[in-house]
Amino acid sequence: MDFSHNEQRRMLEETATRFLRDNYPLRVRHEHAAATAGFSRDMWSRFAELGLVGALFHEQHGGYGGTGFDIAVLFEALGRSLVVEPFFASLLGGSLLAELCRPEQRALIAEIINGSRLVSVAHTEPQSRYDLADVATSATRDPHGGWRLQGNKAVVPNGDTAESLIVSARMHGTQSEPQGIGLFLVDARAAGLERCGYATVDGGRAAEITLNDVVLDESASLGRAGEAFAALENAVGLATLALCAEALGAMQAATDMTLEYLRTRKQFGVTIGSFQVLQHRYVELLIEIEQVRSQLINAASSIDSGAPDCQWQLSAAKHLTGRVARLVAEETVQLHGGIAMTWEYGLAHFAKRLVMIDHWLGDTDHHLERCVMLARDTGLSATSAIR
Amino acid sequence: MDFSHNEQRRMLEETATRFLRDNYPLRVRHEHAAATAGFSRDMWSRFAELGLVGALFHEQHGGYGGTGFDIAVLFEALGRSLVVEPFFASLLGGSLLAELCRPEQRALIAEIINGSRLVSVAHTEPQSRYDLADVATSATRDPHGGWRLQGNKAVVPNGDTAESLIVSARMHGTQSEPQGIGLFLVDARAAGLERCGYATVDGGRAAEITLNDVVLDESASLGRAGEAFAALENAVGLATLALCAEALGAMQAATDMTLEYLRTRKQFGVTIGSFQVLQHRYVELLIEIEQVRSQLINAASSIDSGAPDCQWQLSAAKHLTGRVARLVAEETVQLHGGIAMTWEYGLAHFAKRLVMIDHWLGDTDHHLERCVMLARDTGLSATSAIR
Amino acid sequence: MDLRYSPEEQAFREDIRRFLEDRLDSRLREKVRNGQRLNKSDYENWHALLNTRGWLAVTWPREYGGTGWNAVQRHIFEEECCAAGAPRIVPFGLNMLGPVLMKFGSQAQRDYYLPRILDGSDWWCQGYSEPGAGSDLASLRTRAVRKGDVYVVDGQKTWTTLGHYANRIFCLVRTSTDGKPQEGISFLLIDMQSPGIEVKPIVLLDGEHEVNEVFFDAVQVPVENLVGEENRGWTYAKYLLTHERTGIAGVGFSTTALDDLRRIARVQLKSGLPLAKDPYFAARMAKVEIDLEAMKTTNLRIIAAAATGSAPGVESSMLKIKGTVIRQEINDLTRRALGPYALPFVSEALEAGHNQEAIGPDYANPVANQYFNNRKLSIFGGSNEIQKNIIAKSLGL
Amino acid sequence: MDLRYSPEEQAFREDIRRFLEDRLDSRLREKVRNGQRLNKSDYENWHALLNTRGWLAVTWPREYGGTGWNAVQRHIFEEECCAAGAPRIVPFGLNMLGPVLMKFGSQAQRDYYLPRILDGSDWWCQGYSEPGAGSDLASLRTRAVRKGDVYVVDGQKTWTTLGHYANRIFCLVRTSTDGKPQEGISFLLIDMQSPGIEVKPIVLLDGEHEVNEVFFDAVQVPVENLVGEENRGWTYAKYLLTHERTGIAGVGFSTTALDDLRRIARVQLKSGLPLAKDPYFAARMAKVEIDLEAMKTTNLRIIAAAATGSAPGVESSMLKIKGTVIRQEINDLTRRALGPYALPFVSEALEAGHNQEAIGPDYANPVANQYFNNRKLSIFGGSNEIQKNIIAKSLGL
């Protein structure tokens with residue numbers, strides 16, 4: 001048993017943390033978020049140069065990482081600084097590509113890693129909520145070869161700026177069948193593809209995407225028949241882990257700010273941290289955050305070891321993250337008082353991100369229900385992550 | 001709008017409260033609970049003489065009360081003193097009799113009111129949990145006239161001492177159909193009826209009852225065909241209200257004891273009530289108790305006015321009572337510390353009753369689910385108790 | 001024990017309902033219902049409308065042009081306003097300053113200011129909180145030094161809601177540093193056009209400008225603008241803060257918000273079925289519905305007690321705490337109900353003129369923002385922690 | 001980062017499992033599994049069994065006859081014992097007094113007492129708490145006055161767990177009233193057979209006799225029974241209290257309890273279906289299962305840190321708090337799972353000999369009682385509130 005990171009991962013953590021500390025104060029983050037793209041292309045290139053994008057990918061795909069723990073370590077650092085650059089979209093899209101792409105498409109991954117290409121995944125639909133198998137967008141065979149896509153995609157992360165989109169569409173089957181879903185690599189400028197970008201409450205950007213008879217080559221189809229859903233589940237699993245880790249980082253930042261405030265802010269002639277009620281409520285947050293860290297470790301470990309209960313561990317992590325993130329957001333705001341309600345003081349931005357992470361890839365209720373279903377369907381009960 | 005009680009009900013409250021204060025300290029309660037019957041026959045007679053049993057019944061049935069608010073007022077007082085005498089069983093059985101009995105059976109109600117006859121309801125079965133419609137016990141027509149009962153009844157309140165039992169049994173239909181349930185008045189000494197009495201965790205007594213081919217006269221059947229379930233639901237409604245009120249009384253007693261302790265017990269050189277954490281946690285209890293009181297008023301009012309959402313209001317009250325009763329029990333014990341864990345100090349007995357009330361007539365989950373179902377089935381949404 | 005409204009009260013409710021149906025501007029109603037931004041003239045028009053009917057000053061006695069309503073009537077009025085989608089009444093002049101002037105102001109102050117509140121000549125804002133004195137109000141430091149016929153005021157106020165709309169501010173200022181902190185405070189009425197006053201916006205976490213900082217640099221205030229006696233302002237301030245407020249539990253707002261949530265849960269789909277039929281979500285909704293149903297009666301019990309004269313003491317603290325918790329919980333559930341569509345936030349869509357197509361369902365846009373904005377409910381107006389301290393103190397703890 | 005146990009650790013686990021399978025008395029195992037009462041000889045037999053294998057003193061170094069195990073090994077041992085239905089090891093001599101004697105006791109004390117703990121000659125109990133000094137231990141008042149070769153002890157201890165089985169008690173006593181309350185405390189070893197000692201049972205809320213009051217009336221204690229120096233007892237007491245205890249999170253107990261709950265939920269019916277398939281109940285179970293799954297790793301992270309030498313500080317307070325909350329939550333769910341059958345309580349059925357038919361399902365009888373009894377978990381051993389104070393203090397609050 002060993003709870004320390006290896007040398008390479010410690011370096012990743014240090015590199016990311018040091019760079020962000022020196023170059024990414026909250027003021028800079030707000031500037032990036034306010035830009036048209038919702039992030040800074042220049043900063044994205046610098047992250048890529050630093051190897052942080054490459055940390056999302058295995059060596060065999062030209063990266064320097066790609067394990068659950070690499071992703072956990074990196075996103076925790078990103079969460080501490082509330083980074084708005086498109087790591088999340090790149091992880092989602094890049095992992096799918098890495099798993100499914102044809103040899104001739106492998107150059108794309110290199111472009112993602114060097115920061116010159118942004119890819120995202122257009123999967124969620126207006127009606128699908130958090131159900132991964134609910135795909136109404138259709139992919140029909142073109143009589144002249146290739147495919148035609150028709151449908152609507154919702155809340156695609158960085159969907160307004162991504163150059164490439166991986167679009168899910170139904171090749172056959174009913175609307176919520178995992179089988180019959182296909183994945184297609186689509187150029188964002190393709191004829192018939194319209195996108196409407198907008199800001200999200202937590203400081204990022206997303207897009208609604210309309211696919212109006214988009215014509216694709218045969219080569220646009222990714223993976224072999226029937227492979228798509230499993231690949232999607234894997235990529236979403238990594239991205240879910242990333243969100244949990246990001247939330248963990250944001251929780252730490254939020255509680256650190258709160259501790260500082262409790263120690264220095266005076267009311268009634270004493271520091272407010274001397275009030276026992278505030279002390280206990282703060283301590284309760286720390287305890288829950290340690291629990292999130294532990295479940296994140298369980299989930300990362302289960303991904304890396306290919307454990308059979310991996311999906312349970314991931315859903316457990318996302319459920320717990322959602323539960324604790326809301327608690328941390330609401331309580332750190334309340335412990336501060338009025339100042340936390342202002343834009344100027346930084347805490348609110350962490351609180352907003354913490355709460356809204358629950359709306360990406362399934363909220364705390366969705367994943368609790370998924371834990372129930374997974375345990376029920378597979379007969380898996382609490383097989384522990386520790387073996 | 002008027003939130004004060006009328007003269008008669010204020011008298012009932014005063015009579016009960018004064019009598020219990022003078023004659024029913026916790027020491028006496030424990031003596032009664034430890035008796036073979038689980039209560040004192042003598043005390044029961046005195047309660048009856050005082051008119052407290054009669055307060056459960058309408059004038060038309062020879063009583064002096066019988067409204068939701070009468071029951072609420074009385075049981076709140078009983079709860080404050082943790083009374084173990086069989087008011088609950090008498091209310092359940094008596095209400096059913098009052099609603100369904102034949103003219104020649106009306107004398108029974110007079111006997112209940114004067115304390116000379118104890119009646120209970122044998123309805124719950126080993127498999128039925130809190131489902132009122134789940135009755136497997138069978139009632140079959142005897143070829144020679146009358147009925148034969150066969151089956152098992154579970155956790156019948158005061159079932160080991162009641163002289164008369166109202167037994168539910170299925171005349172037709174599948175196991176959980178409301179229709180087809182009949183109610184039968186059975187002498188507890190009837191041949192084929194076996195009972196096994198035992199103590200309950202909260203200081204009362206109950207019995208498992210086996211009906212092994214119990215032969216009954218035609219006249220044992222109560223009410224007309226198809227009336228039984230509605231009558232059962234009404235009687236259980238009143239008894240549910242009674243439990244909520246009893247819990248409210250017990251919550252007040254428990255928090256009063258706790259306030260006294262917080263004010264006087266010293267640790268670290270100060271009264272423990274000076275610790276802000278304990279103050280806030282105590283205040284939170286008071287707020288929730290006020291909410292229980294309000295929902296009890298809503299439910300009593302909906303019974304008395306025959307409101308269409310009466311069952312919703314009752315389930316809402318029982319749900320909220322269950323939720324708050326657990327909170328009050330656990331928190332008042334925790335606010336006390338070790339002393340609350342002892343038999344000698346009284347609080348634990350209130351805590352036990354508060355928690356176990358959740359196991360009578362449906363727990364907090366059951367009634368929350370019932371609220372969901374009632375609103376869904378009838379299209380009733382939050383029609384307020386206040387009109 | 002009778003939970004029914006009397007026939008008179010029911011008729012009263014009917015009157016109000018009809019008035020709102022007939023006269024409340026439908027454009028304004030839509031703005032409120034859609035959670036869009038209200039501007040200054042929206043509030044002014046609403047006040048003017050009520051004033052024509054004599055229903056603006058709901059807490060004032062008739063002799064000052066108020067309604068003379070009792071607590072139950074005020075409650076009915078608030079319920080109907082919420083249900084109709086009316087804006088709130090801006091409370092600073094009407095519910096805060098007005099009662100203070102009636103009780104402690106000079107005859108001249110009452111004669112001059114009260115009618116101007118009613119006819120909309122004055123928009124008041126509140127100068128209580130300071131950067132160093134939030135919950136600990138008594139430690140305020142804005143100074144007023146008497147020089148001849150004027151007080152010279154220096155200092156800073158904060159959290160001044162809608163101060164950018166106001167032409168007057170009532171302020172707590174320090175006129176003495178002797179004795180306990182509470183003892184040197186005075187209550188001043190200040191013209192916002194006075195030289196030396198500067199109003200700076202505070203942008204809140206949702207990007208909105210609702211509250212302000214107000215800076216005072218040698219601002220001259222005529223001594224006749226002192227309310228009551230010098231150094232007695234703490235008494236007046238406490239009167240204002242504890243002055244019975246029927247709306248403190250926010251039951252009307254919560255009821256409307258729960259109705260909205262229910263409507264949304266009926267159309268939001270989860271696995272093809274309405275979210276309202278999902279057992280997990282339905283249970284969450286039922287739970288808060290039960291809390292609110294109980295709170296309605298808790299609220300009325302206290303209101304009824306107030307109507308018969310017994311002043312609500314710590315009960316209003318209880319209402320504040322549980323009322324805000326319930327409202328926040330409903331906001332939270334509404335956010336959850338939207339699923340991924342809680343994420344998009346198009347700020348321009350909060351403007352009434354906006355007519356671009358909505359992102360996601362048309363009710364979605366303001367929801368997450370409202371959740372975040374309403375975190376203030378448990379902080380402002382005496383934080384829930386302060387309210388618990390007050391209750392504990394009243395119990396002798 | 002590697003959550004797997006090493007091959008050595010796995011082999012170690014196998015060893016223990018096989019030993020327990022072979023040697024743990026099946027009657028004793030059943031008693032534990034059915035929640036029945038254990039008597040003195042049950043514990044003595046269990047200790048003796050472990051002692052023959054050299055596995056009794058899990059926290060002691062080898063030189064004193066201990067196992068010399070590291071924290072991970074101890075954790076594995078505890079897990080296996082819980083899973084096998086073994087009784088707990090009575091901690092007073094082994095995990096509490098033993099380490100104190102090793103660190104602060106005289107050579108004579110170590111030579112005499114440590115072997116007697118191992119071979120079962122002595123059953124120790126703990127004399128810390130007093131009626132007026134629960135969480136506030138430093139204010140204790142039991143007095144020891146030195147007279148020649150003896151201390152004369154007067155006073156009262158309380159919450160003395162299993163004191164009615166013990167022949168010896170280690171006590172904190174006041175030997176001086178000078179200076180801070182902590183400074184006048186000494187650590188004494190007392191023979192329970194000494195004249196002037198009286199043990200009175202305290203009956204707990206479930207009617208069980210588990211803890212006691214111990215009264216001292218002019219009890220004479222030889223001065224050589226003083227541990228360490230006079231008036232330095234507070235240091236030794238704190239060492240004992242903060243001495244690293246692997247089992248503090250109770251993960252083994254919670255795991256067993258959750259297994260039991262799951263088994264019960266599979267056979268308890270609700271509307272004819274297993275309760276485990278009810279969405280509400282399944283969600284409740286999943287929630288606590290997730291909390292426990294995370295807690296297992298939190299526990300191991302801290303244990304692993306302890307195994308590499310970095311002493312767990314406030315982390316053990318965190319484990320105590322969250323660990324007890326989880327255990328209590330599982331107890332609560334088990335109680336709920338039973339429905340009406342949580343109500344019957346047949347005290348005699350807690351005795352092993354009992355062979356009347358069970359009321360309701362055979363697993364039901366001890367459940368509600370266990371729920372109530374385990375409310376102690378968040379009170380005893382330093383209440384969860386005290387633990388939060390400790391953590392807050394460590395953060396400089």
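So that the names make sense, note that chain A is the first sequence line, chain B the second, and so on, each numbered from 1. From a predicted model like this one, the values you see are computed outputs, not experimental measurements.
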So, do A:Arg129 and C:Gln268 sit near enough that their side-chain heavy atoms are less than 4.5 Å apart? yes
Using non-hydrogen atoms and a 4.5 Å limit, figure out which bit of C:Pro181 sits close to chain A: side chain, backbone, both or neither. neither
Taking side chain as everything from C-beta outward and backbone as N, CA, C, O, which of these in C:Arg335 sits under 4.5 Å from a heavy atom of chain A? Side chain, backbone, both or neither. both
Applying a strict 4.5 Å limit to non-hydrogen atoms, the region of A:Thr364 in contact with chain C is side chain
Turns out that what part of C:Asp332 lies under 4.5 Å from chain A's heavy atoms comes down to side chain
Does the side chain of C:Ile202 reach to within under 4.5 Å of the side chain of A:Tyr345, using non-hydrogen atoms? no
Roughly how far apart are C:Tyr371 OH and A:Met356 CE, rounded to 0.5 Å? 9.5 Å
Heavy-atom distances under 4.5 Å only: say whether C:Phe380 touches chain A with side chain, backbone, both or neither. side chain
If one checks every heavy atom of A:Arg265 against chain C at 4.5 Å, the contacting part turns out to be side chain
Check whether any side-chain heavy atom of C:Lys270 sits under 4.5 Å from a side-chain heavy atom of A:Glu369, and report yes or no. yes
Portion of A:Ala133 that has a non-hydrogen atom of chain C nearer than 4.5 angstrom: neither
Ignoring hydrogens and geometry, is there a side-chain-to-backbone donor-acceptor pair from A:Gln127 to C:Leu269 under 3.5 Å? no
Please flag which part of A:Thr124 lies under 4.5 Å from any non-hydrogen atom of chain C: side chain, backbone, both or neither. side chain
Taking NZ, NE, NH1 and NH2 as the nitrogens, is one of them in C:Lys200 or A:Glu344 under 4.0 Å from a carboxylate oxygen of the other? no
Mind ranking C:Ala138, C:Gly339, C:Ala368 by heavy-atom pairs under 4.5 Å with chain A and telling me who comes out on top? C:Gly339
For a quick test of reading the model, state the closest non-hydrogen atom pair linking A:Ile339 to C:Trp159 and the distance between them. N-CZ2, 3.5 Å
In terms of heavy-atom proximity below 4.5 Å to chain C, should A:Ala199 be classed as side chain, backbone, both, or neither? both
Non-hydrogen side-chain atoms of A:Val333 and C:Ile379 separated by less than 4.5 Å: yes
Assert top hit (heavy-atom pairs under 4.5 Å, partner chain C, pool A:Asp131, A:Val155, A:Val355) equals A:Val355
Any side-chain donor near an acceptor of the partner, C:Arg336 and A:His359, under 3.5 Å: no
Okay, C:Leu137 and chain A: the region with an atom under 4.5 Å from a heavy atom over there is neither
Check whether any side-chain N or O of A:Lys352 sits under 3.5 Å from a backbone N or O of C:Leu205 as a donor-acceptor pair, and report yes or no. yes
dist A:Leu368:CG -> C:Tyr280:OH (nearest 0.5 Å) comes out at 6.0 Å
So, the part of C:Ala337 with a heavy atom under 4.5 Å from chain A: the answer is backbone
Would you say that A:Trp343 contacts C:Leu204 through its side chain, given a criterion of any heavy-atom pair below 4.5 Å between the two side chains? no
Are the side chains of A:Phe268 and C:Ser139 in contact, using a 4.5 Å heavy-atom criterion? no
side-chain hydrogen bond (donor to acceptor under 3.5 Å, both in side chains) filter on A:Tyr198, not counting sequence neighbours, yields A:Glu208
Between A:Ala351 and C:Phe372, which heavy-atom pair has the shortest distance, and what is it? O-CE2, 4.0 Å
If I measure from the heavy atoms of chain C, does A:Asp134 come under 4.5 Å with its side chain, its backbone, both, or neither? neither
Below 4.5 Å from any heavy atom of chain A, which atoms of C:Leu377 appear? Answer side chain, backbone, both or neither. neither
Spacing of CG belonging to A:Asp365 relative to CZ belonging to C:Phe281, to within rounding of 0.5 Å: 7.5 Å
Pairs involving residues 377-387 of chain C, ordered by first then second residue, that meet salt bridge (charged side-chain N to carboxylate O under 4.0 Å, His left out) (sequence neighbours left out): A:Arg281-C:Glu385
